Amino acid sequence: MSSTGRVVPCQGPLGWFNDRDDCYWRKLEQQPPDTDVIWGGHYPDGAIYAVSCAATHPGGTDGWVWAPTDPPGYGGTGVTPAQLAQQALARMALTGPAIRMTIEGDEMGLVGLPLWLWTEVGPTTWGPNSATAAVPGLSVTASAQARQIVWDMGDGRAETCKNPGTPYYTGGVTSPTCQHIYEQSSAGQANEAFPVTATTTWDVTWTGGGASGALTVTRQATASVRIGEMQVLITQE
């Protein structure tokens, strides 16, 4: 598809379509002699191509040009910068949070007490992260940074934290960055625990091949937490 949105054949009598310039490229079967000015001093590197732009967009011209490598899409094996950006994104292996909470394992939290929420910080759990994907003649680099984590706490409420949270420290009561206070126990829930789903929103930018773009992706992680009621024993003397 051309930049104007018109569907065009990938290959035809004029050559192979290059979506970076909306032109057809065809490598000359008989290359000009090394003394031809068309080489621009590059001979024997690269090759001379017949480039036809008049057939694909208004005002386009046809002619011969030198290029160091086959353009994107030539021979049907090329990929677009956007496609390479997706490959670079996959290589970063972004994940949801590495969930951490004040209570661990089979420990039980209490109704009314702050439950600290945070993620272990690393390239795949919070960022920054970057990766590059390339094919001959084209390279794209993508960079990612987490923007926020939405913690669905399983009790019908959620916390949106625009940070990775603060790891719990001995003596801490209220988290300075990210926490949740349960108002009811998890009794009666499946496995007697609230299911917790943490969703990270990642901002991804990419550039390469004369193009750039931005993506927003989400990744999830799950856990569970048991919450009990505080029992107060009153004795009389």
Side-chain angles (χ1 to χ4, degrees), residues 81-134 139-186 189-208 211-228:
Q83 290 171 327
L84 279 182
Q86 290 291 338
Q87 294 182 23
L89 172 60
R91 291 181 180 181
M92 285 188 277
L94 305 180
T95 69
I99 294 177
R100 299 292 183 268
M101 294 181 284
T102 315
I103 56 179
E104 299 178 350
D106 291 331
E107 295 178 347
M108 181 176 289
L110 294 175
V111 170
L113 292 184
L115 179 69
W116 294 32
L117 308 169
W118 73 95
T119 177
E120 295 291 338
V121 174
T124 62
T125 59
W126 186 257
N129 200 337
S130 64
T132 299
S139 175
V140 169
T141 297
S143 299
Q145 177 63 63
R147 182 202 314 165
Q148 67 179 27
I149 301 175
V150 176
W151 300 80
D152 184 333
M153 302 307 296
D155 62 348
R157 296 185 296 141
E159 308 291 346
T160 299
C161 300
K162 299 185 180 299
N163 51 70
T166 302
Y168 178 76
Y169 53 84
T170 302
V173 178
T174 300
S175 170
T177 54
C178 187
Q179 67 177 24
H180 182 73
I181 297 177
Y182 282 100
E183 299 176 349
Q184 63 193 56
S185 77
S186 57
Q189 300 290 321
N191 300 317
E192 301 297 308
F194 287 115
V196 176
T197 301
T199 304
T200 303
T201 298
W202 291 86
D203 292 323
V204 182
T205 58
W206 61 267
T207 182
S212 62
L215 305 168
T216 299
V217 297
T218 59
R219 299 289 187 268
Q220 287 187 339
T222 59
S224 61
V225 61
R226 297 171 63 236
I227 300 295

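Nothing here was measured: the structure is a model prediction, and the numbers come from that model.
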Between T95 and T125, is a side chain to side chain donor-acceptor pair (under 3.5 Å) present by the stated rule, with each step listed? CA-CA 6 Å; T95 69; T125 59; 5.7 Å; no
With side-chain contact (heavy atoms from CB on, under 4.5 Å) as the test, would you mind laying out the steps for L89 and W206 before giving the verdict? CA-CA 9 Å; L89 172 60; W206 61 267; over 6 Å; no
Checking side chain to side chain donor-acceptor pair (under 3.5 Å) for the pair T199/Q220: CA distance, chi angles, key distance, verdict? CA-CA 4 Å; T199 304; Q220 287 187 339; 3.1 Å; yes
Residues E120, R100; criterion salt bridge (Lys or Arg N to Asp or Glu O under 4.0 Å); working and verdict: CA-CA 7 Å; E120 295 291 338; R100 299 292 183 268; 3.3 Å; yes
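Between the T177 side chain and the T166 main chain, a donor and an acceptor come within less than 3.5 Å of each other. Remark: side-chain polar atoms of S186 are paired, donor with acceptor, to backbone N or O of I227 under 3.5 angstrom. Remark: side-chain polar atoms of R157 are paired, donor with acceptor, to backbone N or O of I181 under 3.5 angstrom. E159 contributes no side-chain N or O that, together with a main-chain N or O of D152, makes up a donor-acceptor pair within less than 3.5 Å. A donor-acceptor pair under 3.5 Å is formed between the side chain of T119 and the backbone N or O of A98. Under a 3.5 Å cut-off, the side chain of E107 and the backbone N or O of E104 do form a donor-acceptor pair.
What you find for L115 and M153 is that their closest heavy atoms are CD2-CE, 4.0 Å.
Here CG of L117 is found 5.0 Å from CH2 of W151. Values are rounded to the nearest 0.5 Å. To the nearest 0.5 Å, the span separating SG on C178 from CD on Q148 amounts to 11.0 Å. Considering CH2 of W126 and CZ of R147, their distance stands at 10.0 Å, rounded to 0.5 Å.
Note: Y168 and W116 have perpendicular aromatic rings, judged against thresholds of 30 and 60 degrees for the angle between ring planes.
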